[in-house]
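Values reported hereafter were calculated over all heavy atoms of this structure, with side chains retained and with hydrogens, waters and symmetry mates removed. Everything numeric in this text was worked out from a predicted model, so none of it was measured.
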Amino acid sequence: MATQAIAPMHAAVVHRHHVLPPRRCVRRRGVFVRASAAAAAETDTLSAAFWDYNLLFRSQRDECLDSIPLRVTEGAIPPDFPAGTYYLAGPGIFSDDHGSTVHPLDGHGYLRSFRFRPGDRTIHYSARFVETAAKREESRDGASWRFTHRGPFSVLQGGKKVGNVKVMKNVANTSVLRWGGRLLCLWEGGQPYEVDPRTLETVGPFDLLGLAAADDNKATNASAARRPWLQEAGLDAAARLLRPVLSGVFDMPGKRLLAHYKIDPRRGRLLMVACNAEDMLLPRSHFTFYEFDAHFDLVQKREFVVPDHLMIHDWAFTDTHYILLGNRIKLDIPGSLLALTGTHPMIAALAVDPRRQSTPVYLLPRSPETEAGGRDWSVPIEAPSQMWSVHVGNAFEEANRRGGLDVRLHMSSCSYQWFHFHRMFGYNWHHKKLDPSFMNAAKGKEWLPRLVQVAIELDRTGECRRCSVRRLSDQHARPADFPAINPSYANQRNRFVYAGAASGSRRFLPYFPFDSVVKVDVSDGSARWWSTDGRKFVGEPVFVPTGGGEDGGYVLLVEYAVSKHRCHLVVLDAKKIGTENALVAKLEVPKNLTFPMGFHGFWGDE
């Protein structure tokens, strides 16, 4: 196992002064910690690391149809906590009753709801599977499961392999959004599913792109990238040949809607992006951006053809631009042949393309006016560091002394050397278990996701004068991901970024799963953090604003006490992260309803 060579690290746990004796408490670099030899001995084993990691992705077949109040185990719900609901998307089931185990990204969507009622200071919990077409086929009665869809990332052991073209398994498990009175569960590559925001009952597919197609008079298409005429004609011909095959054989929609969306609070718009199905197989990428108002009426639609073979998971926007940090990929011919046999996942047809040592940043004009007065958007700005873009916390632009714009992005990125499509999360279809060593390799500190700032300086003509990449904090160099900010500061200069992070307290799980929340002060690069203790992990942090400055509010996250088969909803005071009283409240989900790790969440005020 790769992590056996990792040197032991000091175990760090948060001190809570009303539980632990003060004399055993020390303060170290912005977090209260204590050392516990007994706790370290319990957790610092290969066996504990393996099982803790796999228990984090343990299937939960039961639903909580009627909301139940959660028991407060520490602290109390603060009186100024706003009324609203925290929704958390993610997979719910990974193994069927016929010997198949799927990749976490292919697990059926399991939506969790935490509804805050400040009147009686309670939180009510409910959870349901999203009733997608694939879910209804694979579990008709809700009690037994037989996986029939391969999905992009999995290999079926008990199902049909050769000739199984059920690749596009829309599981609606990636992110969740409440907009225009609707609650939508999204997946990377298909249409969203609408869910009742109170009962979590599935309403059905929500044809967002159909709404946009019906209002194409709002479309303002940018020109395609400039290529030699014969080359462009050849790509067009290939696209025309591929579309009916992908659609008719693999049931792949012509446009794949990405799971990550953006909200422009100043204009009151929902921004989404889709790419063409055939782009995965061709050395160009076709992106369509949509902007909807609060009633889901299409306000604007912009299309761009980029001369690069890219995979995009998350993206950014400013007042004048959509921003894509390109992850370069290539077609893997041997992997494609293995994928077609069913012995390897379909995603094996693609591989990262690390030949360029820089990262393409595409600044795509958000309006025709910006396009007319700016640079050639089809030529990317090459950031001087090769990185695989993972998630974006915020992006904004400001006028500079050259009469142009300064653009800043706060994001997480990882190394091309670490990223591997069908080994993400340590998925191993041969052994039906997840291998934590892949996410905790000896070089993982430099290779795994970390927080960075990308800074671009444009002159008055839109030409790039300078582009730099640096760590967001020199005090926090450990792996971190899922950056979040106060949503009131989206698309403008922000001071604070919150993210899930690794403390390094466990020898054999030093980098992932995360066990901490880091708060980075972008103005000076300082960092403070809160860490859980023992055999516990944390998910994505979500900020709930209450007023009183940028960090006036609370941070919500789920704590996974895997060895005890428990989940807790944790409420942190954002201002106090790094102090001994940052924890405001912890609430326990009943043991029989303990759920696997979630992906992305959404806070919706009442």
Side-chain angles (χ1 to χ4, degrees), residues 54-68 70 85-97 100-115 124-147 149 151 153-154 169-178 183-188 190 192-205 259 425 427 434 482 513 537-540 542 556-560 562 565-569 589-602:
N54 278 270
L55 286 171
L56 188 59
F57 298 96
R58 184 185 187 186
S59 295
Q60 171 57 276
R61 298 190 176 201
D62 294 333
E63 299 176 300
C64 183
L65 305 183
D66 299 316
S67 65
I68 57 173
L70 297 184
T85 304
Y86 168 49
Y87 299 101
L88 178 61
I93 187 165
F94 310 97
S95 299
D96 68 2
D97 300 311
S100 288
T101 300
V102 297
H103 191 287
L105 296 178
D106 286 332
H108 284 287
Y110 188 76
L111 183 62
R112 289 138 276 198
S113 166
F114 300 86
R115 188 178 176 198
H124 283 68
Y125 173 76
S126 59
R128 283 183 183 241
F129 281 100
V130 184
E131 294 291 330
T132 64
K135 191 270 178 183
R136 290 194 301 272
E137 178 180 319
E138 297 186 341
S139 179
R140 297 182 185 277
D141 58 1
S144 61
W145 293 78
R146 177 187 286 274
F147 294 154
H149 290 67
F153 298 92
S154 304
K169 182 180 180 179
N170 187 343
V171 287
N173 70 0
T174 309
S175 61
V176 58
L177 161 71
R178 202 179 77 185
L183 183 66
L184 304 179
C185 292
L186 297 97
W187 176 68
E188 198 86 304
Y193 271 78
E194 183 179 357
V195 174
D196 187 290
R198 295 284 183 174
T199 66
L200 303 188
E201 290 183 272
T202 301
V203 178
F425 294 101
Y427 178 65
L434 300 176
F482 306 119
F537 307 117
V538 301
E540 174 194 58
V542 171
L556 295 178
L557 64 146
V558 174
E559 176 191 80
Y560 302 90
V562 289
H565 305 292
R566 293 283 191 182
C567 290
H568 300 94
L569 182 67
V589 176
K591 188 172 185 177
N592 65 306
L593 295 173
T594 296
F595 51 79
M597 181 181 177
F599 289 156
H600 297 293
F602 182 89

Review point. Hey, is the main chain of E201 close enough, under 3.5 Å, to the side chain of D196 for a donor-acceptor pair?
Key: no
Exercise for review: Apply side chain to side chain donor-acceptor pair (under 3.5 Å) to D106 and list each qualifying residue two or more places apart in sequence or on a separate chain.
Suggested key: S154
Exercise for review: Supply the atom-to-atom distance Y110 OH to L200 CG, rounded to the nearest 0.5 angstrom.
Suggested key: 10.0 Å
Review point. Are the side chain of S100 and the backbone of F147 linked by a donor-acceptor contact shorter than 3.5 Å?
Key: no
Review point. Parallel under 30°, tilted from 30 to 60°, perpendicular over 60°: which one fits the rings of F57 and F425?
Key: perpendicular
Exercise for review: For the pair E559 (side chain) and F537 (backbone), establish whether a donor and an acceptor sit closer than 3.5 Å, ignoring hydrogens and angles.
Suggested key: no
Exercise for review: Looking only at non-hydrogen atoms, find the nearest pair between P590 and I68 and report the distance.
Suggested key: CG-CD1, 3.6 Å
Exercise for review: Can you see which heavy atom on S139 is nearest to which on S144, and at what distance?
Suggested key: OG-O, 3.1 Å
Check your understanding: Is it the case that R112 places NZ or CZ above or below the six-membered ring of F595, under 6.0 angstrom from the centre and within 45 degrees of the axis?
Key -> yes
**Study point:** Sole residue of Y193, Y87, F602 in side chain to side chain contact (heavy atoms under 4.5 Å, CB included) with L183
**Key:** Y87
Review point. Salt-bridged, K169 to E138, with N to O below 4.0 Å?
Key: yes
Review point. Do NZ/NE/NH1/NH2 and the carboxylate oxygens of D96 and R61 come within less than 4.0 Å?
Key: no
**Study point:** Separation between CG of L434 and CG of N54, rounded to the nearest 0.5 Å
**Key:** 5.0 Å
**Study point:** Value rounded to 0.5 Å, distance of OG1 in T132 from NE2 in H108
**Key:** 6.0 Å
**Study point:** Side-chain heavy atoms of L55 within contact of H565, under 4.5 Å
**Key:** yes
Check your understanding: Going through the distances and angles, do H568 and Y560 end up as a ring pair (Phe, Tyr, Trp, His ring centres under 6.0 Å)?
Key -> CA-CA 7 Å; H568 300 94; Y560 302 90; 9.8 Å; no
Check your understanding: Between the side chain of N173 and the main-chain N/O of L105, is any donor-acceptor distance below 3.5 Å?
Key -> yes
Check your understanding: T199 and R128: which non-hydrogen atoms are nearest, and at how many Å?
Key -> O-NE, 3.0 Å
Exercise for review: Starting from the C-alpha separation in whole Å, work towards a yes-or-no answer on side-chain contact (heavy atoms from CB on, under 4.5 Å) for V195 and V203.
Suggested key: CA-CA 5 Å; V195 174; V203 178; 5.9 Å; no
**Study point:** Any donor-acceptor N/O pair, Q60 side chain to D62 backbone, under 3.5 Å
**Key:** yes
Review point. Quick check: are there more than 12 heavy atoms from other residues, nucleotides or ligands sitting under 6.0 Å from CG of D66?
Key: no
Study note, to complete from the structure: Residues at least two apart in sequence or cross-chain that pass ring pair (Phe, Tyr, Trp, His ring centres under 6.0 Å) with F114, listed by chain then number, are Y86, Y125
Review point. Stepwise, does the side-chain contact (heavy atoms from CB on, under 4.5 Å) test hold for V562 with T594?
Key: CA-CA 9 Å; V562 289; T594 296; over 6 Å; no
Revision key, fill the gap. Rounded to the nearest 0.5 angstrom, the OG1-NZ distance for T202 and K135 is 8.5 Å
Practice item. Look at the side chain of T174 and the backbone N and O of A259, then say whether any donor-acceptor pair between them is shorter than 3.5 Å. Key: no
**Study point:** Between CG on residue L111 and SG on residue C185, distance to nearest 0.5 Å
**Key:** 4.5 Å
Exercise for review: State, yes or no, whether a side-chain contact exists between L569 and V589 at a heavy-atom distance under 4.5 Å.
Suggested key: no
Review point. Side chain of S67, backbone of H124: donor and acceptor closer than 3.5 Å?
Key: no
Check your understanding: Quick one: does S59's side chain have a donor or acceptor within less than 3.5 Å of a partner on F94's backbone?
Key -> yes
Check your understanding: Between Y427 and H103, is the ring centre distance below 6.0 Å?
Key -> yes
Review point. Roughly how far, to the nearest 0.5 Å, is the CZ atom of R58 from the CD1 atom of I93?
Key: 12.5 Å
Point to revise | Whether R136 side chain and E131 backbone form a donor-acceptor pair below 3.5 Å | key: yes
